[in-house]
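Notes follow the structure.
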Amino acid sequence: MISVATWNINSVRLRLPIVERFLQEEAVDVLCLQEIKCQEHQFPYEALAAIGYKHTAVHGQKGYHGVATVSRLPLREYSRHDWQANGEARHVGVELEGSGMRIDNVYVPAGGDEPDRDKNPKFGQKLDFLGRMTEWANDIDGADHAGTLIVGDFNIAPLPSDVWGHKQLLKVVSHTPIECETLDRFKSAHDWVDVGREFIKDPERYYSWWSYRSKDHKANDRGRRLDHMWATPKLATKASGHRLREDARSWEKPSDHIPLITEFDL
DNA sequence: ATGGTTGCCAAGCAA
């Protein structure tokens with residue numbers, strides 16, 4: 001069995017205590033972090049190695065963004081795509097030694113506030129990022145390895161049941177029709193299976209993010225499913241479990257995102 | 001309609 005988790009941590013240095021808590025409680029094999037907000041030399045390698053996570057692939061930058069994959073199992077970093085072509089650290093790809101499973105850890109741009117690429121260049125960059133990610137997916141050769149799992153903060157909640165209010169959020173970046181369609185084109189490009197939704201079926205409530213801009217996120221429960229774990233079809237058939245640690249949103253100094261975990265029989 | 005919060009790093013940007 002191999003277990004993989006994804007978590008937008010919103011500063012790995014500030015939240016090292018809850019990363020350690022999560023790893024000690026869940027003992028996942030692999031944890032994919034987004035928004036580490038540090039450079040590679042600032043990453044807490046020693047603290048994570050001390051609790052068994054000795055294998056790392058860190059793609060960081062100063063102050064913003066940044067992704068890191070930490071593992072108990074040996075891995076080989078094989079790619080760092082810049083799907084925005086602007087130098088931001090938003091992807092790192094690894095292959096697990098032994099199983100050969102590939103894990104692509106991605107942090108899709110949030111896209112700003114205005115869902116109009118003419119008025120808001122960030123929105124266009126988000127759509128273009130997904131376009132390049134789709135071209136990449138078209139080129140994956142799925143025939144000769146154990147399959148690919150792409151995980152991370154996609155910054156899009158595609159289904160009506162992925163948000164607290166479908167109608168209220170149709171013009172809010174993360175749930176606009178054009179974003180959902182663009183993500184759908186990516187999905188079709190490689191027949192990705194939305195593993196989370198294989199286990200927590202639509203239209204069941206499934207959120208992974210709650211804004212900090214709410215006194216009590218549980219009171220109105222205005223969540224969105226921005227984080228995803230999608231597998232190539234053959235690998236998806238090996239998924240044996242999927243769960244959320246929604247309680248982590250209430251831990252001390254929490255991230256605004258929660259961890260997602262998928263288990264594979266491999 | 002607006003503003004609400006957080007992190008980085010020391011002003012404003014990104015989310």
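In what follows, every chain begins at residue 1, and chains take the letters A, B, ... in the order their sequences are listed.
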For this session: Indicate, with a heavy-atom threshold strictly under 4.0 Å, whether A:Lys126 touches base, sugar-phosphate, or nothing.
Result: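 Counting heavy atoms under 4.0 Å across all strands, no contact is made by A:Lys126.
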Exercise. Which part of the nucleic acid does A:Arg222 contact within heavy-atom distance under 4.0 Å: base, sugar-phosphate only, or nothing?
Worked result: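 No contact at all - A:Arg222 keeps every heavy atom at 4.0 Å or more from the nucleic acid.
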Could you state the atom-to-atom distance from [atom1] of [X] to [atom2] of [N] in whole Å?
X	N	atom1	atom2	value
A:Leu14	B:dT5	CG	P	17 Å
A:Gln168	B:dT2	CD	P	19 Å
A:His217	B:dG4	NE2	C1'	16 Å
A:Asp216	B:dT5	CG	C1'	14 Å
A:Ile18	B:dG7	CD1	P	10 Å
A:Asn10	B:dT6	CG	P	10 Å
A:Gln61	B:dG7	CD	C1'	14 Å

Exercise. Pick the nucleotide of DNA chain B nearest each of A:Lys215 and A:Gln39; which residue has the one closer to the 5' end?
Worked result: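 In this pair, the answer is A:Lys215.
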Exercise. Within the structure, does a side-chain N or O atom of A:Arg15 lie under 4.0 Å from either OP1 or OP2 of B:dG7?
Worked result: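 Answer is yes, contact under 4.0 Å.
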Exercise. Are A:Ser208 and A:His257 close enough that a side-chain donor and a side-chain acceptor fall under 3.5 Å?
Worked result: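 No, because no side-chain N or O of A:Ser208 sits under 3.5 Å from a partner of the opposite role on A:His257.
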Exercise. Do A:Asp128 and A:Gln84 get their side chains close enough for a donor-acceptor pair, meaning under 3.5 Å?
Worked result: no
Determine the interatomic distance between [atom1] on [N] and the same-named atom on [M]; round to the nearest Å.
N	M	atom1	answer
B:dA14	B:dA10	P	15 Å
B:dA15	B:dG4	C1'	14 Å
B:dG7	B:dA11	C1'	14 Å
B:dT6	B:dA1	P	27 Å
B:dT5	B:dC9	P	22 Å

For this session: Report the residues that fulfil side chain to side chain donor-acceptor pair (under 3.5 Å) with A:Trp136, sequence neighbours left out, ordered by chain and then residue number.
Result: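 A:Trp136: side chain to side chain donor-acceptor pair (under 3.5 Å) contacts with A:His81.
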Problem set entry | Contact letters for nucleotides 10-15 of chain B, in which S counts primed atoms plus P, OP1 and OP2 and B counts the base, heavy atoms under 4.0 Å | --BBSB
For this session: Would you mind checking if A:Asp82 and A:Arg132 are paired as a salt bridge, meaning a charged N to carboxylate O distance below 4.0 Å?
Result: no
For this session: Using a strict 4.0 Å threshold on nitrogen-to-oxygen distance, state whether A:Lys187 and A:Glu181 make a salt bridge.
Result: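 The answer is no: the pair does not qualify as a salt bridge.
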For this session: Output, in order, the C-alpha distance, side-chain angles, deciding distance and verdict of salt bridge (Lys or Arg N to Asp or Glu O under 4.0 Å) for A:Arg243 and A:Glu26.
Result: CA-CA 11 Å; A:Arg243 62 183 182 277; A:Glu26 292 289 348; 2.5 Å; yes
Exercise. For the ring-ring contact (aromatic ring centres under 6.0 Å, His included) test, which of A:Phe154, A:Phe186, A:Tyr206, A:Trp192 pairs with A:His228?
Worked result: A:Phe154
